[in-house]
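The structure appears right after this line, and notes come after that.
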Amino acid sequence: MQINEPFCSFAIYLVIIYLQISKLVFTCKGHILLKLPTVAGLDWFWEILKTTCTLVFFLPLQDAVCTLNTLQTNACALEQVRRERGHPQLQLQAMRGFLERAGLVVEELDHLNIIHVTGTKGKGSTCAFTEHILRSYGFRTGFYSSPHLVEVRERIRINGKPIGKELFTKYFWQVYGRLYETKDTHGGSMPAYFRFLTILAFHVFLQEKVDLAVIEVGIGGAYDCTNIIRRPWVCGIASLGIDHTSILGDTIEKIAWQKGGIFKPGVPAFTVKQPDGPMMVLKERAKEIGCPLWVCPELEEYPADSEPLRLGLAGHHQRSNASLALQLSHSWLQRRCLPGRWEKPPAQLPAYTYPIILDLTSLSSWAVGLEDTEWPGRTQTLKHGPVTYFLDGAHTTRSMLACVSWFSKVASQHERTTGGPVVRVLLFNATGERDSAAMLKLLVPCHFDFAVFCPNITEAIASCNADQQNFNVSVENMLTRCLDNQRSWRLLNGQEEKPGAQLLISRDALPLVAAERCSKTLVFPCILSALQWLSQGRDSVLAHPDKRVIPVKPSVTAKAAPLRDAAGIHVLVAGSLHLVGGVLKHLDPSFAS
């Protein structure tokens, strides 16, 4: 059927007038935004607009991401942090307000059948295992995690896949528009970056009618903005350690108290085995809240067929994450599939009981879910010809210990089959308050031939990916941190301090030379320049004609002779998930597609 174009144009004109009168069209940051999904009976109009008025009414993904990035440094958001720092309970109160302004109420979240997971190390991997197990049973899953590696859409997944660009853009402007329209009546306040994405995730999952949502806590638990959830179906706590001490406390017991804040009365909770101190705190929190708490068994304790369970994620530390995922999935399935046999636990329960053992012999979906799980950037190996990359976003001392154990084992296996000398390279960066020197000390026994440092900047050009921009730290501070890391590495390896080339920073671009301090450590201004130097043209992906070549000084190029002559180059990328994400952007351009 052909469309009468003059009629359509006239009809669109009349409807736009109606929408303006009804306040369903509004202006935001110079853009005309249309709140069309809230208008009943205009499906035909939606279809016509998508084909005739795309450029006028439907903003591209990059506009959404750039607008989202303004929430990183929003003045009101910074004032929120200062105001709430001494009264953390205000964070949840503010989150409820933003949620209501976005058109949602807390009670609606009960319909998402949520699995809520926190921890210091392994909570993301646990969520990935859990989501994949339940998806393998045929359920439509939602999964909210952080941070993203390449594109912000990765944080919000439906059935294991990041939501599409059109879907992200549509839902982004729906939520942002509602908040922006009401900001003047709320003192100009807008939610900060993570709060906004959390609200967006809830909105997406409700609109897309998922059967369940796996929600990863951002920081801590008790006062994390995800903790506005009232009635999760089950809660989980992965391995605890020291991180975010300025927010959560400077001891593992204080951190455990924060993590236990996600417990809810009568809601079953599971934890991996913890050290005695934090375990006692979790038991006390569970008793205080009225929450049944179980400790997960070791993976070897589960009854299974003769073959051992295989995990899709490498590393021995993933076994405890897998066990936690099994218990979370089993608890959720019991309530969903056996409602007659599932009874809500009474309010008063012992805070610590023996673990539940699952029989995996007759439930192949458990094993398939564990084996097929993918979680990029965590104990991941990529082989590009003679260059092999070992990627792990370890950024605490405990996770770095696990990373070193994994890398030492898997790299040695690769070296035995290389057929010649192998050069080992460390590519490292750390952000925030993390103890870089402590992490670097753990990496010394790996015997790297080169240590390379760079900030979490994908390319030394202004047009780099908006999804990976960080406006909270200056370029100068990032590069200074890299030089400090280089200095720590040299001291740990007993090398004398030598004067080196200054790292000059221009106003318009990053420096295009590497800093030289000794023969085996270098600092580069961006991830691409570091990757190009350490691969020396031997990685066909990085040597692609579309890649901009970052020039370096001849003396820096001369240092790379061992890299050009070796039979293989093994690169460990660690210290920051943002660094790993920037590396993946260059090594696997289709990653975010």
Just by distance, do the side chain of [X] and the backbone of [Y] share a donor-acceptor pair under 3.5 Å?
| X | Y | answer |
| --- | --- | --- |
| Y144 | T198 | yes |
| D392 | T379 | yes |
| D449 | R424 | yes |
| D539 | S535 | no |
| T120 | L240 | no |
| R378 | P376 | yes |
| N429 | L579 | no |
| E154 | V150 | yes |
| Q532 | S529 | no |
| S408 | S405 | no |

Minimum side-chain heavy-atom gap [X]-[Y] below 4.5 Å:
| X | Y | answer |
| --- | --- | --- |
| L563 | F450 | yes |
| H317 | R398 | no |
| L326 | F129 | no |
| I527 | I457 | no |
| Q413 | R416 | yes |
| Y389 | T381 | no |
| T388 | T418 | no |
| F143 | T130 | no |

Kindly give the heavy-atom pair with the smallest separation between [X] and [Y], and that separation in Å.
| X | Y | answer |
| --- | --- | --- |
| Y193 | H148 | OH-CE1, 3.5 Å |
| W489 | N493 | O-ND2, 2.8 Å |
| G218 | S146 | CA-OG, 4.3 Å |
| C454 | C526 | CB-O, 3.9 Å |
| V523 | C482 | CG1-CB, 3.8 Å |
| T126 | L328 | CG2-CD1, 4.0 Å |

Query raised in the report: Is any side-chain N of the basic residue among E131 and R135 closer than 4.0 Å to the acidic one's carboxylate O?
Result: yes
Requested in this report: Could you tell me whether R481 and D484 have a side-chain N and a carboxylate O separated by less than 4.0 Å?
Outcome: no
Query raised in the report: Passes side chain to side chain donor-acceptor pair (under 3.5 Å), H316 versus R319? Steps please.
Result: CA-CA 6 Å; H316 185 77; R319 301 185 71 78; 4.6 Å; no
Report task. With sequence neighbours left out, write down each residue that passes side-chain contact (heavy atoms from CB on, under 4.5 Å) with A543, or none if nothing qualifies. Result -> none
Rounded to the nearest 0.5 Å, what separation is found between the [atom1] atom of [X] and the [atom2] atom of [Y]?
| X | Y | atom1 | atom2 | answer |
| --- | --- | --- | --- | --- |
| L313 | H132 | CG | NE2 | 10.0 Å |
| L401 | K121 | CG | NZ | 8.5 Å |
| L442 | M400 | CG | CE | 7.5 Å |
| L311 | D372 | CG | CG | 11.5 Å |
| L426 | L440 | CG | CG | 7.0 Å |
| H384 | I569 | NE2 | CD1 | 13.0 Å |

Report task. Give the C-alpha distance, both sets of side-chain angles, the deciding distance and a yes or no for side chain to side chain contact (heavy atoms under 4.5 Å, CB included) between L370 and I133. Result -> CA-CA 7 Å; L370 292 175; I133 289 171; 3.8 Å; yes
Report task. Please determine, by modelled atom types, if N477 and S474 share a side-chain donor-acceptor pair under 3.5 angstrom. Result -> yes
Report task. Give a yes-or-no answer on whether the side chains of T70 and T67 include a donor-acceptor pair shorter than 3.5 Å. Result -> no
**Report entry** side chain to side chain contact (heavy atoms under 4.5 Å, CB included) between T397 and I242, worked out
**Finding:** CA-CA 8 Å; T397 51; I242 301 294; 5.8 Å; no
Query - W533 vs F453, ring pair (Phe, Tyr, Trp, His ring centres under 6.0 Å): CA-CA, chis, key distance, verdict - result: CA-CA 12 Å; W533 181 84; F453 305 92; over 10 Å; no
Query raised in the report: Given N456 and S576, is the side chain to side chain donor-acceptor pair (under 3.5 Å) satisfied, shown in steps?
Result: CA-CA 8 Å; N456 297 339; S576 166; 3.1 Å; yes
Requested in this report: Carefully, step by step, assess S323 and S320 under the rule side chain to side chain donor-acceptor pair (under 3.5 Å).
Outcome: CA-CA 5 Å; S323 178; S320 62; over 6 Å; no
Query raised in the report: Mind checking what makes ring-ring contact (aromatic ring centres under 6.0 Å, His included) contact with F390, not counting sequence neighbours?
Result: F407, H414, H570
Requested in this report: Carefully, step by step, assess R155 and F194 under the rule side chain to side chain contact (heavy atoms under 4.5 Å, CB included).
Outcome: CA-CA 10 Å; R155 295 180 183 230; F194 185 76; 4.0 Å; yes
Query raised in the report: More than 12 heavy atoms of other residues, nucleotides or ligands under 6.0 Å from NZ of K161: is that the case?
Result: no
Requested in this report: On the 0 to 90° scale, with breaks at 30° and 60°, tag the Y176-W173 ring pair as parallel, tilted or perpendicular.
Outcome: perpendicular
Query - Full working for side chain to side chain contact (heavy atoms under 4.5 Å, CB included) between R157 and T141 - result: CA-CA 8 Å; R157 296 171 180 259; T141 62; over 6 Å; no
